[in-house]
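Notes follow the structure.
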Amino acid sequence: MSKPSLARGTRDFGPEQMAKRTFIFDTIRRSFQRYGFLPLETPSFENLSVLMGKYGEEGDQLLFKLLNSGDFSGKLTEDDWKEGYKPLTSKISEKGLRYDLTVPFARYVVMNRGTLVMPFKRYQIQPVWRADRPQKGRYREFYQCDADVVGTDSLLCEAEIVTLLHDILPALGITDFTVKINNRKILTGIADVIGAQGMEGPLCVAIDKLDKIGKDKVVEELLERGFSSDSITLLDPIFTLSGEGDPFAELKSLLSGSEIGLKGIEELEEVWVLVKTLGLENPKIQFDVTLARGLSYYTGAIFEVKANNVQIGSISGGGRYDNLTGTFGVPGISGVGISLGVDRIYDVMEELGLFPESQKTSTKVMISNFDNDAFKYGLSILPKLRNAEINAEIYPDSVKLKKQLDYADRKNIPFVILIGSDEMQSGLLTLKNMKTGEQHKLSADDIITHLTSAAL
RNA sequence: GAGGUUGUAGCUCAGUCGGUUAGAGCGCUAGAUUGUGGUUCUAGAGGUCGCGGGUUCGAGACCCGUCUCCCUCCCCA
């Protein structure tokens with residue numbers, strides 16, 4: 001017999017936490033629905049052939065792989081062991097836990113493309129798993145809330161993602177946030193212009209750290225990653241490019257030699273215009289050339305949302321992927337989406353004290369259990385309360401009143417009905433208000449009326 | 001995956017240089033109070049000192065391994 005323990009990076013959610021989490025889920029779901037997204041659920045695990053290769057090399061490593069069931073090692077040879085763990089893994093594992101909701105969604109779209117109404121807008125709220133090393137705000141099991149549109153190139157989708165975020169976050173009480181936006185095409189353009197074609201991958205990784213480690217360290221890293229010093233010199237104006245003034249105009253002259261780079265800027269300008277047309281006042285959006293995001297499938301706009309004044313990573317991220325379904329044999333379906341991290345949003349709200357008070361009350365009234373006769377009498381009252389839509393319970397054991405009231409107190413139950421011989425004889429039950437301590441003798445019907453109208 | 005750090009009662013934590021029976025606060029249980037919660041008082045229960053090995057006459061403390069928490073890198077929600 002060993003002490004029970006939680007698997008690394010996982011958590012239980014007690015009743016109190018669940019009340020808060022449900023609040024977050026409900027708020028997000030309501031906004032998704034208001035924008036016309038339809039619900040979808042996909043399995044917790046998928047064939048590895050679906051998941052592998054979609055998140056870069058790093059991502060493949062972070063996939064939780066499921067060991068084949070049964071005699072998974074029966075057909076292995078000595079050589080299989082000697083080849084190392086990577087080839088071995090593919091021989092003993094064919095399935096893995098989902099890493100995000102976007103790839104399973106792409107799989108779903110491909111498999112159902114004949115029946116879907118295009119453009120298809122879906123939302124999906126489910127847990128995902130990553131074999132990461134846990135840290136503050138980083139878990140191995142966490143929920144994502146995704147909303148994606150596939151089957152249209154319209155930049156309205158990007159603009160609607162911006163307004164959607166401005167709907168959800170303030171509804172949760174998070175008012176101080178920044179939606180950072182960039183475009184992969186701009187990053188590609190930069191790589192072209194500085195003579196490092198095709199190297200936007202490593203360029204992104206390094207440039208992404210600018211605000212964290214500073215220009216000098218970024219330059220250092222770029223040199224290590226094989227960029228020539230000429231290229232880095234050409235990159236210089238990018239470093240000094242700030243969100244102020246008209247960064248687009250500045251960038252345009254820098255990228256004048258790159259068709260794709262200019263396209264990226266054009267797209268972003270269009271998004272800005274659409275956001276304004278949609279009537280969003282004081283949009284908290286910021287163009288950030290250094291925003292890169294590692295996920296390899298993004299091709300257009302990329303988003304990241306940061307809650308300000310808290311030490312927690314981004315609470316949301318997303319972007320446009322032109323060819324995600326291409327890897328499943330169906331090219332030409334463009335999609336764009338956003339993913340919100342409930343667990344990080346929870347941490348942010350906890351840190352800022354944003355959860356509304358008194359969500360705790362679940363039972364409104366408890367019937368006491370004085371003795372066997374009173375218990376039976378109470379059982380006849382209980383369904384009347386419930387039929388009147390009042391959350392009610394009866395104490396199951398005939399123990400001392402002290403204990404029963406203590407139970408009600410600790411469970412935050414605002415009212416208790418006391419039933420003894422007097423009450424049974426007269427039919428007038430004692431209703432006790434746990435907050436004020438007041439008691440009144442009332443008929444069962446009057447109690448129902450009173451509880452239905454009571455503010456609590 | 002690399003580095004650092006933590007682990008003692010349900011919770012938060014003391015525990016000196018390696019030395020007798022490992023402590024406190026909070027919580028929990030019971031009573032003071034035979035039909036009344038929160039406050040108060042009294043009593044009580046509760047420990048494989050993360051786990052495994054080692055050094056020692058003797059280990060909660062020292063050494064090695066391992067797991068876990070938290071942190072940095074990498075990457076991400």
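None of these values were measured; they are calculated from a predicted model. Here is the naming used below: chain letters follow the sequence lines, and residue numbers restart at 1 for every chain.
The side chain of A:Gln135 lies closest to B:rU72 when the candidates are B:rC75, B:rG35, B:rU72. For A:Ser314, the listed nucleotide lying nearest its side chain is B:rA77; candidates were B:rG35, B:rA77, B:rC69. Checking B:rC75, B:rU36, B:rG35 against the side-chain heavy atoms of A:Gln439 singles out B:rU36 as nearest.
One cannot find a donor-acceptor pair under 3.5 Å joining the base of B:rG1 and the side-chain atoms of A:Glu57. At a cut-off of 3.5 angstrom, counting only N and O atoms as typed in the model, there is no donor on one side facing an acceptor on the other between the side-chain of A:Gln404 and the base of B:rU36. For A:Arg133 against B:rC73, a side-chain-to-base donor-acceptor contact under 3.5 Å is absent.
One atom, CD of A:Gln61, and another, P of B:rC76, lie 13 Å apart when rounded to the nearest Å.
A:Gly313 comes within contact range of no nucleotide atom at all, as no heavy-atom separation falls under 4.0 Å. Heavy atoms of A:Ser421 sit under 4.0 angstrom from at least one base atom. Note on A:Glu221: nothing from the nucleic acid sits closer than 4.0 angstrom, heavy atoms only. Across all strands shown, A:Gly318 has no heavy atoms under 4.0 Å from either base or sugar-phosphate atoms. Across all strands shown, A:Ile315 has heavy atoms under 4.0 Å from sugar-phosphate atoms exclusively, and none from any base. The residue A:Gly437 sits close to a base: some heavy atom pair falls under 4.0 Å. Contact annotation for A:Arg344: base contact, defined as any heavy-atom pair under 4.0 Å involving a base atom. Using a 4.0 Å heavy-atom distance criterion, A:Leu418 is classed as a base contact.
Of the residues A:Tyr123, A:Phe32, A:Tyr143, the one that meets the ring pair (Phe, Tyr, Trp, His ring centres under 6.0 Å) test with A:Phe25 is A:Tyr143. The one candidate from A:Arg138, A:Glu350, A:Lys136, A:Lys306 that meets the side chain to side chain contact (heavy atoms under 4.5 Å, CB included) condition with A:Ile312 is A:Lys136. Residue A:Glu46 is tested with A:Arg107, A:Lys54, A:Lys95 for a salt bridge (Lys or Arg N to Asp or Glu O under 4.0 Å); the sole match is A:Arg107.
Residues from residues 139-149 of chain A placing a heavy atom under 4.0 Å of any atom in RNA chain B, listed by number, are A:Tyr139, A:Phe142, A:Gln144.
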N/O to N/O distances under 3.5 Å, protein versus nucleotides 29-33 of chain B:
unit_1	atom_1	unit_2	atom_2	d
B:rG31	OP1	A:Lys400	NZ	3.2
B:rG31	OP2	A:Lys400	NZ	2.8

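The closest side-chain donor-acceptor pair between A:Glu393 and A:Thr363 falls under 3.5 angstrom. Inspection of the A:Gln124 and A:Arg122 side chains reveals an N or O donor paired with an N or O acceptor under 3.5 Å.
The closest side-chain heavy-atom distance from A:Ile285 to A:Phe303 is not below 4.5 Å. Put simply, the side chain of A:Asn433 reaches to within 4.5 Å of the side chain of A:Phe415, judged on heavy atoms. The shortest side-chain heavy-atom distance between A:Lys20 and A:Phe13 does not fall under the 4.5 Å cut-off.
Under 4.0 angstrom from either OP1 or OP2 of B:rU68 there lies at least one side-chain N or O belonging to A:Arg8.
Between the P atoms of B:rG23 and B:rG44, the separation comes to 14 Å (whole Å).
Across every strand in view, B:rC28 sits in a pair with B:rG44 that passes the Watson-Crick or G-U test at under 3.5 angstrom.
Note on ring orientation: taking the six-membered ring where Trp is involved, the planes of A:Tyr99 and A:Tyr55 are tilted (angle from 30° to 60°).
Taking the centre of each ring, A:Phe370 and A:Phe375 stay at or above the 6.0 Å mark.
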